[in-house]
J.: 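Take this structure, written in structure tokens, and hold onto it; I'll ask about it next.
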Amino acid sequence: QVQLVESGGGLVQAGGSLRLSCVASGPTFSSYAMGWFRQAPGQDREFVATISWSGSRISYADSVKGRFTISRDNAKNTMYLQMNSLKPEDTAVYYCASRSVSTIATTLSQYRYWGQGTQVTVSS
């Protein structure tokens with residue numbers, strides 16, 4: 001069983017930056033691919049970024065490419081999302097998710113474990 005806890009959300013002005021963290025419990029964190037998703041009010045949850053168990057494979061949604069950076073520190077059981085040049089349309093609840101395999105994926109159904117989410121609000 002993997003438990004995930006996100007932190008680092010908040011209110012920021014457009015053009016600003018935030019760094020989200022996701023701490024995982026469980027001995028197999030370093031074996032699993034991880035991802036970030038987000039859900040804006042009234043919208044479906046959508047893919048943001050994913051990273052393989054080793055960090056060697058990464059993929060981003062087109063909407064965040066060049067602005068967001070996903071990373072992980074397996075020694076700390078922690079995954080990060082550095083968000084720069086934030087836009088009002090980035091406003092959403094951001095969720096950390098873990099697969100139960102090592103390869104990356106971009107769809108919700110491919111993730112087994114989910115955190116409770118952290119709110120990111122970008123003001124214009």
J.: Atom CD1 of Ile58 and atom CE of Met34: how far apart are they, to the nearest 0.5 Å?
T.: 13.0 Å
J.: Scan for disulfide bond (SG atoms under 2.5 Å apart) pairs involving residues 44-92, sequence neighbours excluded, and state none if there are none.
T.: none
J.: Linking Ile, Leu, Val, Met, Phe, Trp and Tyr through side-chain heavy atoms less than 4.5 Å apart, which residues share a cluster with Ile104?
T.: none
J.: Please indicate whether Gln3 has more than 12 foreign heavy atoms, meaning atoms of other residues, nucleotides or ligands, lying under 6.0 Å from its CD.
T.: no
J.: Is any side-chain heavy atom of Val48 closer than 4.5 Å to a side-chain heavy atom of Leu81?
T.: yes
J.: Of all heavy-atom pairs between Ala92 and Ala40, which one has the smallest distance, and what is that distance?
T.: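 Result for this residue pair: CB-N, 3.8 Å.
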J.: Name all pairs fulfilling the salt bridge (Lys or Arg N to Asp or Glu O under 4.0 Å) condition that reach into residues 42-53, sequence neighbours left out, sorted by first residue then second.
T.: Arg38-Glu46
J.: Could you tell me if the side chain of Arg112 sits less than 4.5 Å from the side chain of Ser98, heavy atoms only?
T.: no
J.: Show me the pairs that pass ring pair (Phe, Tyr, Trp, His ring centres under 6.0 Å) and involve residues 67-95, at least two apart or across chains.
T.: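 Passing the test, one end in residues 67-95: no pairs.
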J.: Once side chain to side chain contact (heavy atoms under 4.5 Å, CB included) is applied, do any residues pair with Val101, and if so which ones, sequence neighbours excluded?
T.: Arg99, Thr103
J.: Would you indicate whether the side-chain heavy atoms of Val120 and Thr91 approach each other to under 4.5 Å?
T.: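 Side-chain contact under 4.5 Å: no.
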J.: With sequence neighbours left out, what residues match Ser54 under side chain to side chain contact (heavy atoms under 4.5 Å, CB included)?
T.: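 Ser54: side chain to side chain contact (heavy atoms under 4.5 Å, CB included) contacts with Ser52, Ser56.
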J.: Starting from Leu18, can I reach Leu4 by hopping between I/L/V/M/F/W/Y residues whose side chains sit under 4.5 Å apart?
T.: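 Yes.
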J.: Kindly write out the residues that satisfy ring pair (Phe, Tyr, Trp, His ring centres under 6.0 Å) with Phe47, not counting sequence neighbours, or none if the list is empty.
T.: Phe37
J.: Can you measure from CZ (Arg72) to OG (Ser30) and round to the nearest 0.5 angstrom?
T.: 7.5 Å
J.: How long is the span from the CD atom in Gln119 to the CD atom in Glu6, to the nearest 0.5 Å?
T.: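 Result: 12.0 Å between the selected atoms.
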J.: Walk me through whether Thr78 and Asp73 qualify under side-chain hydrogen bond (donor to acceptor under 3.5 Å, both in side chains).
T.: CA-CA 5 Å; Thr78 303; Asp73 184 340; over 6 Å; no
J.: Using side-chain heavy atoms (C-beta onward) and a distance below 4.5 Å, is Leu20 in contact with Ser7?
T.: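 With C-beta onward as the side chain, the pair stays apart.
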J.: Salt bridge (Lys or Arg N to Asp or Glu O under 4.0 Å): which pairs involve residues 60-69, sequence neighbours left out?
T.: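 Every pair satisfying salt bridge (Lys or Arg N to Asp or Glu O under 4.0 Å) with a residue in residues 60-69: Asp62-Lys65, Arg67-Asp90.
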J.: Partners of Thr50 by side-chain hydrogen bond (donor to acceptor under 3.5 Å, both in side chains), sequence neighbours excluded?
T.: Tyr111
J.: With sequence neighbours left out, write down each residue that passes ring pair (Phe, Tyr, Trp, His ring centres under 6.0 Å) with Tyr60, or none if nothing qualifies.
T.: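 Residues passing ring pair (Phe, Tyr, Trp, His ring centres under 6.0 Å) with Tyr60: none at all.
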J.: Measuring from atom CE of Met79 to atom CD1 of Ile51, what distance do you get when rounded to the nearest 0.5 angstrom?
T.: 8.0 Å
J.: Just to verify, what does Ser124 make a side-chain hydrogen bond (donor to acceptor under 3.5 Å, both in side chains) with, not counting sequence neighbours?
T.: none
J.: Testing the basics here: between Val93 and Gly117, what is the closest heavy-atom pair and its distance to 0.1 Å?
T.: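 Shortest heavy-atom contact: CG1-CA, 3.8 Å.
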J.: Got a sec, which pairs hit disulfide bond (SG atoms under 2.5 Å apart) with one end in residues 17-108, sequence neighbours left out?
T.: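 Residue pairs with at least one partner in residues 17-108: Cys22-Cys96.
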J.: At their closest point, which heavy atom of Ser102 faces which heavy atom of Ala33, and how far apart are they?
T.: O-CB, 3.5 Å
